[in-house]
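See structure below.
All residue numbers refer to positions in the sequence shown, counting from 1.
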Amino acid sequence: KGFNIMASHFRKGAPPHDILYENCVAHDNGEEGFNMCGAQNVTLKNCKSYNNKLAGVAMATVDSLKSGELIDSITVKECELRDNGMEAILVHGARNCEFSRNVISGNGGAKSGNYHAISINGVPRKSKAEGYLTIGIRVAGNEFTKNKQDAHPYLVSASSDTEHVT
């Protein structure tokens with residue numbers, strides 16, 4: 001992995017928060033360029049993520065469900081996300097996130113799988129009765145070029161278990 005934030009690396013009750021990545025570059029990593037699990041109030045501004053084996057930017061609540069930490073308030077803006085093996089931006093369970101004014105190009109080139117430039121997915125909460133968790137995601141003003149979605153013609157996908165994606 002390139003840059004990695006994991007809630008499990010911090011003491012319970014103290015999730016990683018208030019983090020700014022500015023003018024950072026993550027490239028040619030064996031997994032994601034930027035990875036966040038359980039982080040809150042993180043901004044990536046004017047960063048580059050390219051030629052990573054998996055996603056350019058990935059965020060997930062999956063590892064954090066045990067401790068109750070949620071991905072919250074992640075902003076990715078004015079970044080260049082290109083030529084990553086999977087998605088440019090991959091979301092699994094988050095709220096109040098914004099992806100704006102990014103240049104997203106040539107992603108999804110992995111040999112197997114069909115990937116979207118931006119993929120937004122819900123994640124089951126602790127019990128099925130609580131439903132799924134992904135809400136309040138804003139995608140605006142991005143430039144998409146030459147992303148590889150052979151089977152899926154959509155540049156941005158949102159699964160049925162998400163709410164308030166604009």
Checklist entry - Measuring from S100:OG to K77:NZ, what's the distance to the nearest 0.5 Å? => result 6.5 Å
Item to check | I104 CD1 to N147 CG distance, which is reported to the nearest 0.5 Å | outcome: 7.0 Å
Next on the checklist: Measuring only between side-chain heavy atoms, which start at C-beta, is Q40 closer than 4.5 Å to S73?
Outcome noted: no
Checklist entry - Which atoms form the tightest heavy-atom contact between A39 and I74, and what is the distance? => result O-CD1, 4.1 Å
Item to check | Qualifying ring pair (Phe, Tyr, Trp, His ring centres under 6.0 Å) pairs with a residue from residues 38-59, counting only residues at least two apart or across chains | outcome: H27-Y50
Checklist entry - Heavy atoms, side chains only, cut-off 4.5 Å: are I5 and N35 in contact? => result no
Item to check | Heavy-atom donor-acceptor pair, N84 side chain to G108 backbone, under 3.5 Å | outcome: no
Item to check | Contacts of T75 that satisfy side chain to side chain donor-acceptor pair (under 3.5 Å) - sequence neighbours left out | outcome: none
Checklist entry - Does N142 have any side chain to side chain donor-acceptor pair (under 3.5 Å) partners at least two apart in sequence or in another chain, and if so, which? => result N102
Next on the checklist: Measuring from atom CG of N107 to atom NZ of K146, what distance do you get when rounded to the nearest 0.5 angstrom?
Outcome noted: 13.0 Å
Next on the checklist: Using only atom types and a distance under 3.5 Å, with no angle test, would you say the side chain of S49 pairs donor to acceptor with the backbone of V57?
Outcome noted: no
Checklist entry - Which salt bridge (Lys or Arg N to Asp or Glu O under 4.0 Å) pairs, counting each pair once, include a residue from residues 96-109, with sequence neighbours left out? => result E78-R101, E98-R138
Checklist entry - Which residues pass the side chain to side chain contact (heavy atoms under 4.5 Å, CB included) test with N29, sequence neighbours left out? => result A26, N52
Item to check | Residue list, side chain to side chain contact (heavy atoms under 4.5 Å, CB included) with N46, at least two apart or on another chain | outcome: N23
Checklist entry - Among all residues two or more places apart in sequence or in another chain, which pass the ring-ring contact (aromatic ring centres under 6.0 Å, His included) test with F34? => result F3, Y21
Item to check | Any side-chain heavy-atom pair of H116 and L90 under 4.5 Å | outcome: no
Checklist entry - Is there side-chain contact between L81 and I89, with heavy atoms separated by less than 4.5 Å? => result yes
Checklist entry - Is any side-chain heavy atom of M36 closer than 4.5 Å to a side-chain heavy atom of L44? => result yes
Checklist entry - How would you list all residue pairs meeting salt bridge (Lys or Arg N to Asp or Glu O under 4.0 Å) that involve residues 19-37, not counting sequence neighbours? => result K1-E31, K1-E32
Checklist entry - Which residue pairs pass the salt bridge (Lys or Arg N to Asp or Glu O under 4.0 Å) test with at least one member in residues 40-50, sequence neighbours excluded? => result none
